[in-house]
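Worth knowing before you read on, the calculation uses all heavy atoms, side chains too, and leaves out hydrogens, waters and symmetry mates. In the text below, chain A, chain B and the rest are named by the order of the sequence lines, each starting its count at 1.
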Amino acid sequence: MSAAVIVTDLVKQFGRFAALRGVSTEFAAGRLYAILGDNGAGKTTLLRALAGLTPLTRGSISMLGTTDLRSVCGQLGYMAHPSLLYDEMSGMENLRYFARLYEISDRGQNDEDRCADVIRAVKLDPSLTRPVGQYSQGMRQRMSLARALLNDPKILLLDEPFSNVDLRSAREMVTLLTGLRDAGKTIFVVTHQAALLEGAADEFVWMEAGQIVSRTSDLAATTETK
Amino acid sequence: MKRAFPILAVLTGVLLSYAMYQALVVAPTEQTMGDVQRIFYYHVPSAWTAFILFAINFVASIVYLIRRNAKADMLALVTAEVGVVFCTVNLVTGPIWARPVWGIWWTWDLRLTLTLVLWLIYVSYIVLRRFSSSGQTPLLAAVLAVFGALDVPLVYFSIWFFRTQHPQPVIGGGGSLDPRMWHALLINWLAFSCFGALVCWSRYRLEVLRRDFDETLALEALLEPRSSKARSS
Amino acid sequence: MSYLYAAYIATWTIHITYLATLLRRYTRLRNEIAEFKGRIEDK
Amino acid sequence: MSSVAGLTRATLAKDLRLEWRSKDAINSMLFFSLLVVVIFSFSFDPTAEESRRIAGGLVWVAFLFAAVVALNQTWAREMRNQVLDAYRVSPAPPNALFLAKVIGNFIFVTVLQALMTPLFIVFYNLRALGPAYQLPIVAALGTWALVVNGTFFAAMSLRTRSREIMLPLLLFPISIPALLAMVEATGAILTGEFSARFWIVLLAAYDVVFTIASLFLFGLVLQAE
């Protein structure tokens, strides 16, 4: 199995605080990783570094066989804790704009169809004209996931996708994610709700104080030692 | 390196005293302005030193943008700060000279205005460095330095034309300097440049120390064995 | 003549003020480093 | 290149739609410059013949402050829900975003000028004694100068604490030659005492230099955190 992501000695320093203190590891392609840890353990910073949003103090990231992250950013889907959507526009209007950024129409699919497909995939209605600002938290979260899926990415980076989402919707999102994983995508999920991913995630990655402290495929085993 | 600093400090001190002696005693008294003209010997060298420091800042900023070299960034920071200090000296001594000679504190003449604008640009540079919250301060600062340098010729032309359009008090600057005056001026410039370099060096060492310490603090946890702590918590 | 003295004093006041701030920053940093070393040894 | 143009258009359309729905920027700008006009007219007698000489400065100071309001708004819109990150992770070229923002701000400030100019004429009894056809040229070049640097520095101040204060601190010193040129050119045209040609050339040079510099360096600023 080939490695989709290789990180070497990642250090991210903010003044007198380091969010990442020398992270070196590999992640295989086509698997679902749950990244767990306390607040301030560096989970979000790691995810942002993978997305190319955070310039590193030291270290390098190789993704899909290249260290030039700019050249593969079209293959990446990123969902942050905030929604990354314009509150004043409807879901469809938002996605239509982001579809332009990825120039999806050049890949042989019509913008309109693609946007409507992703919205349906997250169990929302494409014909909804309400602006996103008036959505419920759960709906907004799902629309945000739809935005991340828009360019049919090979690697998906999700930061807290289940926060403030009701249990049923969260389960549906997990099913959607495992389906994507089975279709060959590499998925990283930063979450506090590890239990939701039990049985779904291939591996649980524990972080503490800016380092990866353990990786295991069995959630129960790690929780025991904690 | 450590011994070089006190030696240079002593040499600079001697040079400064000699230059002061030259400026206040040896150089002849100017006929029309009198002793007040002696302000010239620290007013002008301050300006020249400041301009050289700003030029180094520009070069260092370009080098940083191309190479992302931390040393270039520190050099840029140091030269901007010390340059502003020398520029301030120039701007403060200017009016003190102008008042008895022209009868006014300030005039919007080309050199004065240009110096003031430069001072403003570099003060905003220092403020940016102080206020930017991220680890990207060096990058933002270097970009601003490039913008500032691009601005200088435009400022120059605009003020030059502004001045020719509005009549200004005539400023005596023409006429040749007595060779002894030149001598005193150049000695003073040399002394102030050495002094400036020395200040830059101390500031640079302070910055190196601070950055090393910040890094050690940030990575402190690396020194401890992590795995045992992970288990105990 | 008093203008000459004023300019002279102003020049050196500015330089010495800057040097003083440098010195203050330096001693503060020194103290912090000493404190940090003490903490490391306690461990 | 065509993709930059297309994306610029898409981003601009999106910004104009957002502004049309909220009207945040244009309303606050209008009110702000109205306040400046009123306060200035209390400070001195605006109908005096003498005021023709300072009218250029007055008009541009009002527009400058109003522009700062708009400039802060453009990026604030992108910071809500951190939408800017969505642009940063996409393969879209940074310059398309920059150009769209600059053109958007240019439109906002021009609309403001169109609405405010009649007011200035009425309140200050203005009338151009020089060649009036030069006024729109000066306005366009001057506005572009303010907006191109303003948009760039507003993006830079996003990365700082207290960003609303940072923008004018960075923008005003660099804009001094442009401001001088706008004020002098407007004064020259209104009084008809001398030619504004030099100032128009200077403004054009300023626009070219800083537009190119911004396009070169904006990518770095956008990808900085």
Part of [X] lying under 4.5 Å from any heavy atom of chain B:
| X | result |
| --- | --- |
| D:Phe172 | neither |
| D:Ala224 | both |
| D:Met156 | both |
| D:Leu180 | side chain |
| D:Phe216 | neither |
| D:Ser162 | side chain |

Contacting moiety of B:Val123, where chain D heavy atoms sit under 4.5 Å: neither
Which portion of B:Leu118 sits near chain D, non-hydrogen atoms under 4.5 angstrom: neither
Atom [atom1] of residue position [X] - does it have more than 12 heavy atoms of other residues, nucleotides or ligands inside 6.0 Å?
| X | atom1 | result |
| --- | --- | --- |
| B:Tyr156 | OH | no |
| D:Arg197 | CZ | no |
| B:Trp119 | CH2 | no |

Parallel, tilted or perpendicular: rings of B:Phe147 and D:Phe153 (30°, 60°): perpendicular
Distance in Å, B:Asp151 CG paired with D:Ser175 OG, rounded so as to fall on 0.5 Å steps: 7.5 Å
Tell me the closest heavy-atom pair linking [X] and [Y], and the distance in Å.
| X | Y | result |
| --- | --- | --- |
| D:Leu169 | B:Ser124 | O-CB, 3.4 Å |
| D:Arg161 | B:Arg130 | NH2-O, 2.9 Å |
| D:Ala205 | B:Leu154 | CB-CD2, 4.4 Å |
| D:Leu220 | B:Leu139 | O-CD2, 3.4 Å |

Heavy-atom pair count under 4.5 Å with chain D, highest-scoring of B:Thr137, B:Leu144, B:Leu65: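 Top count of heavy-atom pairs under 4.5 Å with chain D: B:Leu144.
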Heavy-atom pair count under 4.5 Å with chain D, highest-scoring of B:Val152, B:Leu120, B:Val146, B:Ile159: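 Of B:Val152, B:Leu120, B:Val146, B:Ile159, B:Leu120 has the most heavy-atom pairs under 4.5 Å with chain D.
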Check whether any side-chain heavy atom of [X] lies under 4.5 Å from a side-chain heavy atom of [Y], and answer yes or no.
| X | Y | answer |
| --- | --- | --- |
| D:Ile165 | B:Phe131 | no |
| B:Phe162 | D:Phe198 | no |
| D:Ile176 | B:Thr113 | no |
| B:Ser158 | D:Trp199 | yes |
| B:Val127 | D:Met166 | yes |

